[in-house]
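Presented below is the structure to which this report refers.
All figures in this text were calculated on a predicted structure; none of them were measured in a lab.
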Amino acid sequence: MPTTTTFSGVIPPVVTPLTADGELDRASFERLITSQLDAGVHGLFVLGSSGEVAYLDDARRSQVMEAAVEITAGRVPVMAGVIDISTRRVEDQVRRAADAGVDAVVATAPLYIRTNDDEIERHFRGVAAASDLPLFAYDVPVCVHSKLDLGMLVRLGSEGVIAGVKDSSGDDVGFRRLVAANRAAGSPLRLFTGHEVVVDGMLLLGADGVVPGLGNVDPAGYVRLWDAAQAGDWAAARDEQDRLAALFEIVFQPRGYSGGASGLGAFKTSLQLLGVIGSNVMTTPAPALEGEVVDQIKVILAEAGLL
C-alpha cells in the first residue's frame, strides 16, 4: 500500500463527452483533455461525479480511463474514480483502473447499504489492498449519505492506507479541522477541496489543491488562482476567485432540472458553447439542457471573458 504521493494543484474532474447514442465521444474527449493540459492543470480526475461515473457501465468506464491515459501520455497524473456500492465491487473497479494505467484511484464509502464508521474503515483498507495504486478517499455526503470520520482519515493516512482526501462535503469547518489534524500528524495526507467558490480560502488554510468541476469550463482561471496563492498574492487569488464565483452562476440557471442535471448540464453546455465538445448530451435518465437556459449560460460565459 502506498505511503507517499506527489499529487497537488489543480486537478479538474473532467466530464465525459457523449455522442447522441450515449457512447464516449473520443474526439471531444481529446479536445477537452488537450484544453486542460494547455491551461496548465496539474492532473486530471476522470470518472468522478462530473464524469458521470455512477451512470457508466464497466465497459464505458474502462474506455474512458484508457482514452484519458492515452491522450494525456504521461504529461500529468490521471486519477480515476472507482465508485461502486460495495467493497468487492470497488476492488474490481480498482483492478480495471490498474489495467488501464491510471496513476491513482478515488473511492467513496460504500453506497446503498448502510454502514458505520468501523465498516467504512474496513472498506477503505480492503480497497487499498487491491492494488499498489495510491488511494484517495472521496468525502461526498450528498451522494453517499455519510460523512467520512476525521480521525479515521488521519489514521488511514498515517498508516499509508490512503494517500489523500478529496473533500466535496461542503463542510468548511470540517475541512479546516481535517487540515489541522493532518498537520498535527505530520501531514500524511494530500488534501483537496472540491468547493469551487472558496478555493482561495481553502488554499490559505492549507489545502494541497483543488478538484473543481467548474475547472472543465475555465481551467486557466483555476491555474491562475493556484499560481497566485503559491506566490502568496492573496489579493490576486481573491480577484480570480471572485471572477470564478460569478462564472459558477451557470449552474443556477436551469429550472426544473435535478441538481445533477443542472450542474453537470451547465458544464457540458458551456463546453459545447465554447466549441470544446460536440454536444451537451447527458447519460439517461438525465436530460440535456436546452432552450432559454442555454442563452442564459452563454451570457454568463461572455461576461466571464470566455466567449
Side-chain angles (χ1 to χ4, degrees), residues 1-3 5 7 13 45-58 61 65 79-98 102 104-182 185 188-195 211 213 258-260 263-264 283 285:
M1 292 178 287
T3 56
T5 180
F7 290 87
F45 174 29
V46 298
L47 298 179
S49 300
S50 294
E52 296 175 89
V53 61
Y55 295 92
L56 302 179
D57 60 26
D58 290 347
R61 289 186 183 194
M65 291 187 291
M79 307 168 76
V82 289
I83 297 164
D84 218 312
I85 62 175
S86 67
T87 305
R88 184 163 293 182
R89 292 179 65 88
V90 175
E91 290 170 353
D92 182 62
Q93 296 297 334
V94 170
R95 286 186 282 270
R96 291 174 180 273
V102 304
V105 291
V106 184
T108 67
L111 309 176
Y112 187 76
I113 55 176
R114 295 187 178 186
T115 51
N116 61 24
D117 288 344
D118 289 342
E119 292 167 342
I120 291 171
E121 180 168 345
R122 190 175 302 121
H123 167 75
F124 280 114
R125 290 184 183 278
V127 172
S131 85
D132 291 329
L133 290 173
L135 170 63
F136 285 75
Y138 188 0
D139 193 8
V140 56
V142 69
C143 295
V144 181
H145 308 298
S146 63
K147 177 153 177 50
L148 298 180
D149 178 71
L150 180 156
M152 176 197 71
L153 292 172
V154 175
R155 180 168 58 253
L156 293 179
S158 297
E159 295 179 20
V161 177
I162 62 173
V165 179
K166 192 247 178 174
D167 184 281
S168 293
S169 67
D171 179 0
D172 295 338
V173 173
F175 187 72
R176 184 163 199 143
R177 292 181 67 230
L178 176 60
V179 170
N182 184 54
L189 297 167
R190 305 296 282 179
L191 302 179
F192 290 82
T193 179
H195 207 335
V211 185
S258 67
L264 180 53
T283 308

If I compare all heavy atoms of [X] with all of [Y], which pair ends up nearest, and what's the gap?
X      : Y      : value
Val144 : Ala109 : CG1-CB, 3.8 Å
Ala128 : Val161 : CB-O, 3.4 Å
Ala80  : Phe45  : C-CE1, 3.9 Å
Cys143 : Leu111 : O-CD2, 4.4 Å
Val82  : Ala107 : CG2-CB, 3.9 Å
Ala97  : Leu133 : C-CD1, 4.4 Å

Got [X] and [Y] here, is their nearest side-chain heavy-atom distance under 4.5 Å?
X      : Y      : result
His123 : Val90  : yes
Leu178 : Val154 : yes
Gln93  : Asp58  : yes
Val142 : Val140 : yes
Phe175 : His195 : no
Tyr138 : Ser49  : yes

So, for Phe7 and Phe136, is the gap between ring centers shorter than 6.0 Å?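 Yes: the rings meet the under 6.0 Å criterion.
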Are any side-chain N or O atoms of [X] and backbone N or O atoms of [Y], one a donor and one an acceptor, separated by less than 3.5 Å?
X      : Y      : result
Arg95  : Ala130 : no
Glu119 : Asn116 : yes
Asp139 : Ser169 : no

Taking salt bridge (Lys or Arg N to Asp or Glu O under 4.0 Å) as the cut-off, I'd like each qualifying pair that reaches into residues 163-178, sequence neighbours left out, listed once.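 Those involving residues 163-178 are Lys147-Asp167.
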Candidate list Val165, Ile162, Leu189, test side-chain contact (heavy atoms from CB on, under 4.5 Å), partner Leu156, passing option: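 When Val165, Ile162, Leu189 are each tested with Leu156, the side-chain contact (heavy atoms from CB on, under 4.5 Å) holds only for Ile162.
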Can you list everything that forms a side chain to side chain donor-acceptor pair (under 3.5 Å) with Glu91? Sequence neighbours excluded, please.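 Here no residue qualifies.
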Could you grab the distance from atom OG1 of Thr115 to atom CD1 of Ile120, nearest 0.5 Å is fine?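 CD1 of Ile120 is found 3.5 Å from OG1 of Thr115.
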Approximate separation, where rounding is to 0.5 Å, of Met152 CE and Arg122 CZ: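 These two atoms lie 12.5 Å from each other.
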Under the salt bridge (charged side-chain N to carboxylate O under 4.0 Å, His left out) rule, what do Asp92 and Arg96 come out as? Steps first, then yes or no, please. CA-CA 6 Å; Asp92 182 62; Arg96 291 174 180 273; 3.2 Å; yes
Salt bridge (charged side-chain N to carboxylate O under 4.0 Å, His left out) against Arg89, all qualifying residues, sequence neighbours excluded: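 So Arg89 forms a salt bridge (charged side-chain N to carboxylate O under 4.0 Å, His left out) with Asp84.
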Is it the case that more than 12 heavy atoms not belonging to Arg88 sit under 6.0 Å from its CZ atom?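 No.
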